[in-house]
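Keep in mind that what you see is a predicted model, and the values were worked out from it rather than measured. What's counted below: heavy atoms across the whole structure, side chains too, no hydrogens, waters or symmetry copies.
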Amino acid sequence: MSNARKYFGTDGIRGTANIPPMTAEMALKVGRAAGNLFQNGNGRHTILIGKDTRRSCYMLENALTAGLCSVGINVLLTGPLPTPGVSYIMRSLRCDGAIMISASHNHYADNGIKLFGRDGYKIPDEAEDEIERLIKTGEVDKLRPTGNDIGVARRIDDAVGRYIEFVKASFPKGMRLDGLRIVVDCSNGATYKAGPNTLRELGAEVIAI
């Protein structure tokens, strides 16, 4: 790991949203640099973006999308989805990488940007170092595709449903939760929809907070 790191910590980039480095301007640069990193050959590349329920996710999602599209990357947007769901959907749709906008258990005013490679796992430190280098040197600003070479973005309407089916498949076959009454407190987190609905579809009576 580089000792000169300025942005990336042990789990992506984190900080108070709208204060450097967790700003829309930085997210735009990260999108451009990550897009450059994920281009590994000819053809159009696609990056998936997921997020949690923080208000600042809207700001960062749009900035990351603009940055990726500006270097020719197509973007798929899942909306609020837990991090394992983003990893699963990314692999299911054969994307070239994914970005999760979340500060996990940190304060609501915070946010973070985590990048995943094609295998669904966090990108290595060397890749994060390269993104930092592209941002610091301004090298990424030289990439300016035009016309049809600019990327496009679209939302995946069934991302939560896809993830629910994946989670249910891990439950023992033939077993159901009929007769159980389960209280679920997702703490306003990214599983607020997938968690209760998964349990309901397995037969439980769910009281969601």
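Enclosure of atom CG in Asn148 is not indicated, since only 12 or fewer non-hydrogen atoms of other residues, nucleotides or ligands lie within 6.0 angstrom. In this structure, Phe171 places its CZ atom where more than 12 heavy-atom neighbours from other residues, nucleotides or ligands lie under 6.0 Å away. By the 6.0 Å contact criterion, CG on Asp158 is enclosed, its count of non-hydrogen atoms from other residues, nucleotides or ligands being greater than 12.
Heavy-atom minimum distance, Arg200 versus Val206: CG-CG2, 3.6 Å. Across Arg55 and Tyr108, no two heavy atoms sit closer than the pair CB-OH, 3.2 Å. Shortest non-hydrogen contact noted between Lys51 and Thr78 is N-OG1, 4.5 Å. Summarising the geometry of Tyr192 relative to Pro80, their closest heavy-atom pair is CE2-CB, 3.9 Å, with the distance given to 0.1 Å. Between Leu28 and Gly67, the shortest heavy-atom contact is CD1-N, 3.4 Å. For the residue pair Pro196 and Lys193, the shortest heavy atom distance occurs at CD-O, 3.7 Å.
Using a 4.5 Å cut-off on side-chain heavy atoms (C-beta onward), Lys122 and Asp125 make contact. With a 4.5 Å cut-off on side-chain heavy atoms, Leu115 and Phe8 count as touching. Side-chain contact between Ile13 and Met22 is present, with heavy atoms from C-beta onward closer than 4.5 Å. Under the 4.5 Å side-chain criterion, counting only non-hydrogen atoms from C-beta, Asp52 is in contact with Cys57. Here the side chains of Ile131 and Leu37 are in contact, with some heavy-atom distance below 4.5 Å. Residues Ile89 and Leu81 are in side-chain contact: their nearest non-hydrogen atoms beyond the backbone lie under 4.5 Å apart. Counting heavy atoms from C-beta outward, Leu68 and Ile49 have side chains that approach closer than 4.5 Å. With a 4.5 Å cut-off on side-chain heavy atoms, Ser104 and Lys114 count as touching.
In this structure, the separation between OG on Ser87 and OH on Tyr121 is 7.5 Å, given to the nearest 0.5 Å. Separating the NZ atom in Lys142 from the CG atom in Asn36 is a distance of 11.5 Å, to the nearest 0.5 Å. Residue Cys95 holds its SG atom at 10.0 Å from CG of Asn74, rounded to the nearest 0.5 Å. Distance CD1/Ile47 to OG1/Thr65: 11.0 Å, rounded to 0.5 Å.
Checked by atom type and distance alone, the side chain of Arg32 never pairs as donor or acceptor with a backbone atom of Cys69 at under 3.5 Å. With hydrogens and angles ignored, the 3.5 Å screen pairs a side-chain donor or acceptor of Arg54 with a backbone N or O of Asp110. Arg91 places no side-chain N or O within 3.5 Å of a backbone atom of Gly120 that could act as its donor or acceptor partner. A donor-acceptor pair under 3.5 Å is absent between the side-chain atoms of Thr23 and the main chain of Pro20, judged by distance alone. Panel note: side chain Thr137, backbone Arg133; a donor-acceptor pair is recorded below 3.5 Å. With hydrogens and angles disregarded, no donor-acceptor distance shorter than 3.5 Å links the side chain of Asp149 to the backbone of Pro145. Judged purely by atom type and a 3.5 angstrom limit, Arg94 uses its side chain to pair as donor or acceptor with the backbone of Ser92.
Leu60 and Val71 fall within a single hydrophobic cluster, where Ile, Leu, Val, Met, Phe, Trp and Tyr side chains are chained together by heavy-atom contacts under 4.5 Å. Placement of Phe116 and Ile101 in two distinct hydrophobic clusters is found when ILVMFWY residues are connected by side-chain heavy-atom separations under 4.5 Å, directly or transitively. A continuous path of hydrophobic side-chain contacts links Leu180 to Val184 [ILVMFWY only; heavy atoms under 4.5 Å]. Ile123 and Tyr88 fall into different hydrophobic clusters, defined by Ile, Leu, Val, Met, Phe, Trp and Tyr side-chain heavy atoms under 4.5 Å apart, directly or through other members. Met100 and Ile73 are members of different hydrophobic clusters when ILVMFWY side chains are connected at heavy-atom separations under 4.5 Å.
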**Message:** Walk me through whether Tyr7 and Glu132 qualify under side chain to side chain contact (heavy atoms under 4.5 Å, CB included).
**Reply:** CA-CA 7 Å; Tyr7 308 124; Glu132 285 219 5; 3.3 Å; yes
**Prompt:** Can you list the steps and then say if Thr46 with Leu76 is a side chain to side chain contact (heavy atoms under 4.5 Å, CB included)?
**Reply:** CA-CA 7 Å; Thr46 302; Leu76 298 177; 3.7 Å; yes
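Between Glu139 and Lys29 there is no salt bridge, since none of the side-chain N atoms of the basic residue sits less than 4.0 Å from a carboxylate O of the acidic one.
Results of the side-chain contact (heavy atoms from CB on, under 4.5 Å) test with Leu48 over Val75, Ile156, Leu77, Ile99 single out Ile156 as the only residue that passes. Of the residues listed (Leu199, Leu202, Ile207), the one engaging Ile182 in a side-chain contact (heavy atoms from CB on, under 4.5 Å) is Leu199, and it is the only one. Among Arg118, Gln39, Arg44, the one residue that satisfies the side chain to side chain donor-acceptor pair (under 3.5 Å) test with Asp96 is Arg118.
Checking Asn111 against Ser56 by side-chain atom types alone, a donor-acceptor pair falls below 3.5 Å.
Because its NZ or CZ atom is not both nearer than 6.0 Å to the ring centre of Tyr163 and within 45° of the ring axis, Lys168 does not count as a cation-pi partner of that residue.
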